[in-house]
Amino acid sequence: MAIVEDVAALRERTLASVEQAADTAALDQVRVAALGKSGALTGYLRSMGQVPKEERALVGKAVNEARVAVEEALAARKAALEAAELAAAIDAAAVDVTLPGRAQQVGTRHLINRIADEVSEIFLGLGYSVAQGPEVETCYYNFEALNAPADHPSRGLADTFYVVDRSGAACNVRGESDVLLRTQTSGVQVHAMEDREPPIYVIAPGKVYRRDVADPSHLPQFTQIEGLVVDEGITFGDLKGTLDYLCKQLFGEERKTRFRAHYFPFTEPSAEVDVSCGICHGEGCRFCKGTGWLEILGCGMVDPNVLSMSGIDPEKYSGFAFGMGVERIACLKYNVPDLRMLLEGDMRFLRQF
Ligand SMILES: [Zn+2]
């Protein structure tokens, strides 16, 4: 009865393998080797026809008993291994409540937005309202209505991003498009004068664009805040008082201002405003390049031409306008050495403010 002994030996070997299987994957290999399509026990069941008739009953009984025993052992081992693997997975995923917590990083408002809001708040307190204008603007609002004629240097292709359609239809004889990314927020002044009746007291913060290569003191996109006042009896004294108040609110009560004559196409007279250096208090230091003063904005009395172009009677009304770069104010207020740091999104830098 060699076959029956072979089956018994196979049964013992398989049961031993079942007990030794270290995980469910190894156990499955044992199952396939014994009971799979070409498994060893399956082979005996298939070749039953070749067993001599008188032995067939005994062999069949031995093979079937072996199959039942192996199946039972597999099921028992499988249940044990699955329970152990589940326990291990739970252990691995367990939360160690004794570990220190992971802090959530709370975002903050960007320095530029904060300063723009701070300046807007100062003017809201003076009774101004906030005006907005389009960032894609026409030449008229960006230049002409602001008294910058066609040959004005600021209109050159070198300074302005023009928006050109494929046919070039929007271009004038100089090849300039009539549509551009605004180079200044001053166009909002024109919209405000067209849309509102005096008295006008508006502040207009917004992004502007120029064809500059980014370096420590230039950016191709930056933020300006424009202010405009049109009312009866507005004088240069009102302009000086307003901007002196702004500087003291923004930089501190002890800071002084000075006005230097300058030229802008849309204001007459025009001035640049300096604030006394906060590091040396006017003595002169490296930060203020030895002058004791820091340039912060441009301003002037609105040119009567600009008023009449926007339909305001310059005989009855006068006004002043001013504009400042928010990035520059950020640099002056917080001693930022390179404008590009404001755009790089480095949290180590931004979190300081
Ligand atoms: Zn200084």
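The first residue in the sequence is number 1, and the count goes up from there. Because the structure is predicted, anything quoted here is derived from the model rather than measured.
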Review point. Is it true that the side chains of Thr257 and Asp244 contain a donor and an acceptor less than 3.5 Å apart?
Key: yes

Point to revise | Residue pairs fulfilling salt bridge (charged side-chain N to carboxylate O under 4.0 Å, His left out) with at least one residue in residues 344-353, sequence neighbours excluded | key: Asp346-Arg348

Exercise for review: Only counting residues at least two apart or in another chain, list the ones meeting ring-ring contact (aromatic ring centres under 6.0 Å, His included) with Phe264.
Suggested key: His262

Point to revise | Side chain His110, main chain Leu342, donor-acceptor under 3.5 Å | key: yes

Check your understanding: Is Leu35 close to Glu71 at the side-chain level, that is, under 4.5 Å between some pair of heavy atoms?
Key -> yes

Exercise for review: Just say parallel, tilted or perpendicular for the rings of Tyr141 and His191, cut-offs at 30° and 60°.
Suggested key: parallel

Review point. Restricting to pairs with a member in residues 122-132, which pass side-chain hydrogen bond (donor to acceptor under 3.5 Å, both in side chains), not counting sequence neighbours?
Key: Ser129-Arg196

Exercise for review: Using modelled atom types only, decide if a donor and an acceptor are shared between the side chain of Ser270 and the backbone of Thr267 within a distance under 3.5 Å.
Suggested key: yes

Practice item. Take Thr183 and Asp159, measure what side chain to side chain donor-acceptor pair (under 3.5 Å) needs, and give me the verdict at the end. Key: CA-CA 8 Å; Thr183 61; Asp159 300 322; over 6 Å; no

Revision key, fill the gap. Lys240 meets the side-chain hydrogen bond (donor to acceptor under 3.5 Å, both in side chains) criterion, sequence neighbours left out, with none

Check your understanding: Do the side chain of Thr160 and the main chain of Tyr162 share a donor and acceptor less than 3.5 angstrom apart?
Key -> no

**Study point:** For Val59, the option from Asn64, Leu45, Val51 that meets side-chain contact (heavy atoms from CB on, under 4.5 Å)
**Key:** Val51

**Study point:** Pairs involving residues 116-132, ordered by first then second residue, that meet salt bridge (charged side-chain N to carboxylate O under 4.0 Å, His left out) (sequence neighbours left out)
**Key:** Arg109-Asp117, Glu118-Lys333

Review point. Does the pair Asp338/Arg340 count as a salt bridge with the N-to-O cut at 4.0 Å?
Key: yes

Check your understanding: Will you find, in the side chains of Glu82 and Thr24, an N or O donor that is under 3.5 Å from an N or O acceptor?
Key -> no

Check your understanding: Residues two or more places apart in sequence or in another chain: which of them pass side-chain hydrogen bond (donor to acceptor under 3.5 Å, both in side chains) with Arg328?
Key -> none

Check your understanding: Does Arg260 come within less than 4.0 Å of Glu272, counting only side-chain N to carboxylate O?
Key -> yes

Practice item. State plainly whether the residues Arg258 and Asp274 are in salt-bridge range, i.e. N to O under 4.0 Å. Key: yes

Practice item. List, by chain and then residue number, the residues other than Val106 in its hydrophobic cluster (Ile/Leu/Val/Met/Phe/Trp/Tyr, side-chain heavy atoms under 4.5 Å); write none if there are no others. Key: none

Practice item. State which residues pass ring-ring contact (aromatic ring centres under 6.0 Å, His included) with Phe349; sequence neighbours excluded, sorted by chain then number. Key: Phe353

**Study point:** Pair listing, side-chain hydrogen bond (donor to acceptor under 3.5 Å, both in side chains) test, anchored in residues 30-50, at least two apart
**Key:** Asp28-Arg31

Point to revise | Contacts of Glu226 that satisfy side-chain hydrogen bond (donor to acceptor under 3.5 Å, both in side chains) - sequence neighbours left out | key: Thr185, Ser186, Gln189

Practice item. Apply side-chain hydrogen bond (donor to acceptor under 3.5 Å, both in side chains) to Asp231 and list each qualifying residue two or more places apart in sequence or on a separate chain. Key: Tyr201

Point to revise | Partners meeting salt bridge (charged side-chain N to carboxylate O under 4.0 Å, His left out) with Lys289 (sequence neighbours left out) | key: none

